[in-house]
Amino acid sequence: MKIGFIGCGKIAEPMIRSVARRFPQACICVSKRSAEISLRLESQIENLKVGDNQWVLDQSDIIVLSVLADVARKIFPDLNFRKNHKTISVMADISLAEVCDLIGPAHNPCVTIPLPFIETGNCPLPVYPDSALLEQIFGDENPIILLESEEHMGPHFAATAILSTMMAQLNCAGSWLGNKTGSLVNAEIYVASLVSGYLNTVPKDGNNRFLEVMQDLSTEGGLNTQLLNHNRSAGMLTTLNAGLEALGERLKGNG
Ligand SMILES: NC(=O)c1ccc[n+]([C@@H]2O[C@H](COP(=O)([O-])OP(=O)(O)OC[C@H]3O[C@@H](n4cnc5c(N)ncnc54)[C@H](OP(=O)(O)O)[C@@H]3O)[C@@H](O)[C@H]2O)c1
């Protein structure tokens, strides 16, 4: 495999590390950008070399487009992509049609949304359109979720924003517990293990499992029921839904 990364920032690095870990024979070429990251990767990964963007394209069959959309608009028209380049875009804020225009004569890119924990696997990868390439490179350890249309990518980007809210809730529970017991350290260990252990038991097969778990936890008069009812009547879920709607609007048309 000869794979090149245009851009070497926060999302390219974990993707590169994932590829290097699972395909040790792959030749990996990376833009000489974000010097601290790209040079560190070069010093740590045997088959990885850094160079200018055109060199990355010339050396590679598979290209991962991992720059900001405005940078892509500025630099791609001056680069010579090949017709037989296979491309994966991870760029938000730019439609596939525009990406196609920018990378011609390369064609048929797919777009996906990796998150930094792709480095260790189990990172859900929504993709449009279907991509055997993405499956081949990342599908062995990351669930690939095929979208029916490009318009569904925006809401997936929006849904990633649930993470900070979840962390704020866990931080709230951990701090509350730590203040009661005097050990913030143990409280964080307890809450983090409670939630990750519980989530690990939930099958990720899309079969209404969140509701199923909520039903299992909702003993009448139980602790979980009391707290959920309290939060629900304070409008927590309605507010969350409204926040997601606002993000969905913001990301409309961004592909
Ligand atoms: N971060 C995430 O979790 C995430 C998740 C999904 C998708 N994305 C998407 O991935 C793309 C990159 O995001 P990021 O978070 O990785 O941003 P980032 O950390 O800012 O990385 C952008 C990279 O582009 C490089 N760059 C800038 N100008 C360049 C040029 N002329 N030629 C080649 N490379 C150039 C930067 O190098 P310098 O540092 O030298 O300027 C940097 O390595 C974005 O489109 C974003 O929407 C990000």
Side-chain angles (χ1 to χ4, degrees), residues 3-19 28-42 44-45 48-60 62-81 85 87-103 106 109-128 131 134 137-138 142-145 147 150 152-167 247-248 250-255:
I3 184 167
F5 288 77
I6 301 293
C8 188
K10 285 191 281 297
I11 200 60
E13 179 176 14
M15 295 179 82
I16 291 166
R17 289 191 181 280
S18 167
V19 170
I28 306 177
C29 296
V30 179
S31 301
K32 193 173 190 172
R33 297 292 302 216
S34 302
E36 199 188 314
I37 301 177
S38 54
L39 296 178
R40 186 174 60 228
L41 287 167
E42 193 177 42
Q44 294 173 346
I45 297 171
L48 184 148
K49 298 275 175 287
V50 298
D52 69 29
N53 292 328
Q54 188 58 53
W55 173 85
V56 171
L57 293 182
D58 293 344
Q59 297 298 314
S60 312
I62 300 167
I63 309 293
V64 180
L65 309 169
S66 49
V67 290
L68 298 172
D70 280 347
V71 172
R73 290 183 181 106
K74 195 166 139 213
I75 67 170
F76 288 1
D78 295 328
L79 292 172
N80 296 315
F81 285 84
H85 272 142
T87 51
I88 296 173
S89 169
V90 301
M91 300 184 293
D93 301 324
I94 186 165
S95 69
L96 266 178
E98 190 176 358
V99 173
C100 279
D101 282 348
L102 292 170
I103 66 172
C110 70
V111 61
T112 187
I113 314 171
L115 292 166
F117 63 91
I118 194 170
E119 181 169 345
T120 48
N122 292 317
C123 175
L125 291 172
V127 63
Y128 184 82
S131 168
L134 190 73
I137 303 175
F138 294 108
N142 301 283
I144 292 185
I145 298 165
L147 306 189
E150 189 182 357
H152 294 175
M153 197 57 75
H156 280 78
F157 268 112
T160 65
I162 190 65
L163 293 173
S164 293
T165 300
M166 270 178 47
M167 288 302 150
L247 283 180
R250 174 175 148 189
L251 294 168
K252 234 181 208 169
N254 281 336

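Small disclaimer: the values here were computed from a predicted structure and weren't measured. Counting starts at 1 for both ligands and their atoms, following the listed order. Note: hydrogens, waters and symmetry copies are ignored here, and every other heavy atom, side chains too, is used.
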So, Glu150 side chain and Tyr128 main chain: donor-acceptor pair closer than 3.5 Å or not?
no
for atom 25 (C) of ligand 1, nearest protein heavy atom and its distance come out as Gly7 CA, 4.0 Å
Is the side chain of Ser38 donor-acceptor paired with the backbone N or O of Arg33 at a distance under 3.5 Å, no angle test?
yes
Polar contacts were defined as any N/O atom of the residue lying under 3.5 Å from an N/O atom of the ligand; does this apply to Phe157 and ligand 1?
no
For ligand 1, which atoms sit closer than 4.0 Å to a heavy atom of Ala92?
45 (O), 47 (O)
Is the closest N or O pair between Ile75 and ligand 1 shorter than 3.5 Å?
no
List the closest protein heavy-atom neighbour of atom 21 (O) of ligand 1: residue, atom name, distance to the nearest 0.1 Å.
Gly9 CA, 3.3 Å
Under 3.5 Å between any N/O of Ile113 and any N/O of ligand 1: does that happen in this structure?
no
Report, in ascending order of atom number, the atoms of ligand 1 lying under 4.0 Å from any heavy atom of Pro116.
3 (O)
In the protein, which heavy atom is nearest to atom 15 (O) of ligand 1, and how far is it?
Lys10 CB, 3.7 Å
Just to confirm my output: which protein heavy-atom neighbour is closest to atom 7 (C) of ligand 1, and how far is it?
Val90 O, 3.0 Å
Residue, atom name and distance, where the atom is the protein heavy atom closest to atom 22 (C) of ligand 1:
Ser66 O, 4.1 Å
Atom 32 (N) of ligand 1 - nearest protein heavy atom and its distance:
Asn53 ND2, 2.9 Å
At what distance is the nearest protein heavy atom to atom 26 (N) of ligand 1, and which residue and atom is it?
Arg33 NE, 3.9 Å
Quick one: does ligand 1 sit under 4.0 Å from the side chain of Ile94, the backbone, both or neither, non-hydrogen atoms only?
neither
Tightest non-hydrogen contact, residues Phe117 and Cys123, listed as CE1-CA, 3.3 Å
For residues 158-167, dump all side-chain donor-acceptor pairs below 3.5 Å to protein atoms at least two apart in sequence or in another chain.
from	atom 1	to	atom 2	distance (Å)
Thr160	OG1	Phe157	O	2.5

In the protein, what heavy atom is nearest to atom 17 (O) of ligand 1, and what distance, to one decimal place, separates them?
Leu68 CD2, 4.1 Å
Can you tell which part of Ser34 has a heavy atom less than 4.0 Å from ligand 1: side chain, backbone, both or neither?
both
Can you name the atoms of ligand 1, numbered from 1 with element, that are less than 4.0 Å from a heavy atom of Pro114?
5 (C), 6 (C)
Where on Ala35 is there a heavy atom closer than 4.0 Å to ligand 1, on the side chain, on the backbone, on both, or on neither?
neither
Ligand 1 versus Val67, non-hydrogen atoms closer than 4.0 Å: side chain, backbone, both, neither?
both
Salt-bridge contact Glu98-Arg73 (side-chain N to carboxylate O under 4.0 Å)
yes
According to side-chain hydrogen bond (donor to acceptor under 3.5 Å, both in side chains), who are the partners of Gln59, at least two apart in sequence or on a separate chain?
none
